[in-house]
Structures are given as C-alpha cells and as structure tokens.
2 protein chains.
Amino acid sequence: MNTSKKIKIAILDDHPLIIEGLNLLFSKSEDYEVISGFTNSTSLFNFKKLNSIDILLLDVFLKDDNGIDVCLKVKKYNPKIIVLGMSSQSERSIVLQMIKNGANGYLLKSANLDEFIYCIKNAIEGKIVFSKEVETLMNIAHFSDLKSIPRLTQREKEILQLLIQGKSTQEISEILFLSFLTVQTHRRNMLNKFQLKNAVELINFVNQNGLL
Amino acid sequence: MNTSKKIKIAILDDHPLIIEGLNLLFSKSEDYEVISGFTNSTSLFNFKKLNSIDILLLDVFLKDDNGIDVCLKVKKYNPKIIVLGMSSQSERSIVLQMIKNGANGYLLKSANLDEFIYCIKNAIEGKIVFSKEVETLMNIAHFSDLKSIPRLTQREKEILQLLIQGKSTQEISEILFLSFLTVQTHRRNMLNKFQLKNAVELINFVNQNGLL
DNA sequence: TTATTTTTACCTGATTTCAGGTAGTTTTAT
DNA sequence: ATAAAACTACCTGAAATCAGGTAAAAATAA
C-alpha cells in the first residue's frame, strides 16, 4: 500500500446525488480522493485509468447493467481493485452473490458517514467488510449458505423462469418442446431439492435466495 | 407564493448521503434552501417548524416507516406542504399509491440534478410532476388504472397474504377458521376479478399493482 | 474411459386447484 | 329501510399439481 499518495476511489452509481454526496464526504479527507464517478457501467469500462483505481464503490442496481456482473468483470480485469457493493435495500441473496463474485464487502447506502469511512479502511487492510445492518442480515445463518443451498441446473432454471411468469406445466412443455411429463419431473425435483410444498413457496424461495 | 423568502425544503430519507447531496445541490441556489433533513419519520413529526416547510422530499423506503403512510399523514396535517416521493427503483404500484395519497409528484433518485430542480419548480406551480423515467413508466397505461383495477376486499387480502406465503387452501382455512370451501370461493373470486389463471399469476399481479 | 450429472420420459395415485353454479347470512352504504 | 356488497358455505366435475417410483439417453467431469 503506497502511503505517499492518496487512495483513489471510483464510484459507479446511477444516482448523481450519491456521487455528489460521496464526493463531498471524501473532499475533506487527506487519505482518500474520489478520482471519478460513473453513472453507467460502459463509461466505467471505457475509463482509461481503470488500473489506477484502488477502490470501486459499486451500486448493484444500475440501469444498463447490474453490479454483480460488473463486480466479476472488474475483478477479472484486475483483482487488486477493491470492490465494495452498495445498495439501498439489502437482500441476502444479492450480498451473497457479490461476495461470491469477489467483492470485498457490502455497504448499505443508508449507513452513517462514519461507517463508510470505517468500512473502506478495513477493506484496504484486506478484510471483508459489511455495514452494520448488512452484518446483522448476514449473521442469521452466516456463510454456510453458499455451500448448503443446492443449485439449479440450466434446464431447471429455464422451467423456473416460465413458472414464475405464471405458466402452467402444459404451457411450459409446449414452449420448451418437452414432454408434459418431463416438465413435471423437473418441477418435482426442484421442490424436492429445497424441501418445498408448492410452486408459490418455490418462487418465494428462489427470489429470497437469488437462485435465478 | 412568497417570493421575498427562499422556498423551504425538508428532506426525509434514511440515507445521510442523499441528504448531503441534496444539501449541496440547493446550497448554491438563491430560490431554495434546505431547512432540515431527517433520517426517520418520527423525527420529522417531532419537528417544531413542520408548518414552515414548503416542500418535502420524501423517500418511500424508510427503516421505521414507509413513505406512502408518511405522505398521507403530512397531507392530513397540512395539505399545503408539497410532497414529492422519491426512491431508487420505481414501481408503478408505489407511484400510484403515493399520488392517491396526495403526493404532488415522484422522482427517481437517479434523476439528473437538473431534473430535480425542474420538477420542484413545476410542483410549486401546482403541477403533478414525474422525473423522466417515472413518466415513461406511468404512461404505459396511464391513470385509468386507479379506477379500472377492481380492488380486493378485506377478507380477500387476508387470504391473499397467506397464499403469498405459500399456504394451501386447507392451511388457510385452518388459520382463519373458515370452511375449506369458503377459502376456495375467495380464491376463485380473486382470479375472476383480475382474469387470471392461477395462484402464481395472481401473486405477480398483486405485487406489480400493489394491491395488498 | 469411466463415473457422475443432467436431461429426458414414463407409470400410478393422491391431493389440490380451477371453474361453474347456487344461496343464505351479515355488514355497509344510501 | 332498503339495496348493494361482502362473507360464508355448499355441490359437481374437470384440470393441474404433488409425490413416489423407475429408467434410458446424453452431456460433462474426473
């Protein structure tokens, strides 16, 4: 870590207001500086000095893209860039996916300004950081989830996607050119995998755990 | 409208960052001033000078409360206060409910800074205002919705709530001390009301139109 | 190449949901 | 007081879902 220079922060958030706020927050600091703010992912990836970024504060809900994919791309490009996910509401599933994709932490935008600073500091030191509320959300059944939840196969995902739209087994079989009976089997397998009772429960479960 | 004084803006948003940003935005203006920012609804309602507020910028997703209820309370207290809803993602249902509760407009936080100013200006002049994205979202089937969508009765809502949790008709009947057949009738009535095929479609419809 | 996973498909049977109709009671609004 | 709406409950029958099992291709990984 080079201490002679300020730590360079970039922001990707489709809310100009948030960028303004963060800018203001760090403008007083002697250790950090915001070198650029982007409102969409393409302008981030077109950024010439991508490699000079130390920390990327990354909103997960973007207009043109989503933070989960952006995180993966950034980490692939340069794993040394510290990526901190941000959003307004925190969902377990999203936080889990971000961490799975290499993010170094997750902050709620509603966090106190102190919390922002504190988390960034710790992230630089190599820790995985969460703002308070995210932490409590995560601790309920902490990290076991990433392994214990069986995942869906490709076909299952396709069927699930149609199921979520309210399509019946018959309709799904016609859309995917499968036997009615095959679709039934897949449905049953999904219910069995997660120990659920019916389609509604399945959809709830999938939404809550971001399995699609 | 008193032009000798600045127009007084209050902000209720659980994101300190947003409040900071808006503060900065209006700090340059000669026409507007931010007189106070709140991060929860109780502190807003404890505010002594509530009546001096001209415009309330109101986040709909709050920790302790929700903007839809807050809007109603504020308008009840003083209908002259101009209330503009804000959120990160826009959902038809929420926007509709806000307007129904007397809000004077709705802005996405991702709106450009110019858009904020523009909308506030027009709201003061008595218009119902939307930021661009909200406008396109609303225009798809514009305001007919408020009337044309038949609404759910109390009992139907109770049953729907359980249905959404994945409960079966049998379970629901036990929970609500009703006949199995009665619950079936209510389910059927709901499907008929909205011309839907099955429970999953019903749940989607309700979520999309905020009927619960 | 072999083992494993995935995808496909069938059978049987129980349970649940969906669709149509009717109808008495209670609550709410005019 | 009367009409309208909401709530309750029943009947019948068709359709769909759920639950158990088996099993053979096909694709993927070791």
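Proteins get letters first, then strands, A, B, ... in listed order; numbering begins at 1 in each.
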Residues, nucleotides or ligands: over 12 heavy atoms within 6.0 Å of A:K75 NZ: yes
Whole angstrom value for the distance that separates P of D:dT17 from CD of A:E201: 16 Å
B:L178, nearest nucleotide to its side chain (from D:dT8, D:dC7, C:dT8): D:dT8
Check the interface with nucleotides 15-17 of chain C: list each N/O to N/O pair with the protein under 3.5 Å, or write none.
residue: C:dT17; atom: OP1; partner: B:R187; partner atom: NH1; Å: 3.2
residue: C:dT17; atom: OP2; partner: B:T169; partner atom: N; Å: 3.2
residue: C:dT17; atom: OP2; partner: B:T169; partner atom: OG1; Å: 2.8

A:T182 side chain near C:dT8 phosphate (N/O to OP1/OP2, under 4.0 Å): no
Interatomic distance, B:H186 NE2 vs D:dA9 P [rounded to whole Å]: 8 Å
Over 12 non-hydrogen atoms of neighbours within 6.0 angstrom of NZ in B:K8: yes
Length of the line joining A:R188:CZ and D:dT17:P, which is rounded to integer Å: 14 Å
For B:F38, the option from B:L12, B:I19, B:N46, B:L56 that meets side-chain contact (heavy atoms from CB on, under 4.5 Å): B:L12
Comparing B:T185 and B:Q154 on DNA chain D - which has the more 5′ nearest nucleotide: B:Q154
Sole residue of A:I175, A:L181, A:L176 in side-chain contact (heavy atoms from CB on, under 4.5 Å) with A:L178: A:L176
Distance, rounded to the nearest Å, where A:R155 contributes CZ and C:dT8 contributes C1': 9 Å
Between B:Q154 and B:E158: side-chain donor-acceptor atoms closer than 3.5 Å: no
d(CG, A:L181; P, D:dG21) in whole Å: 18 Å
Over 12 non-hydrogen atoms of neighbours within 6.0 angstrom of OH in A:Y118: no
Distance, rounded to the nearest Å, where B:M190 contributes CE and C:dA19 contributes P: 13 Å
Of A:K193 and A:S179, the one whose closest DNA chain C nucleotide lies more 5': A:K193
Nearest-Å distance for atom pair CD/C1', residues B:E156 and D:dT8: 13 Å
Proximal nucleotide (of C:dA9, D:dC10, C:dT7) relative to the A:T153 side chain: C:dT7
Salt-bridge criterion met for A:K121 and A:D31 (N-O under 4.0 Å): no
Integer-rounded Å distance: D:dT17 C1' and A:I172 CD1: 12 Å
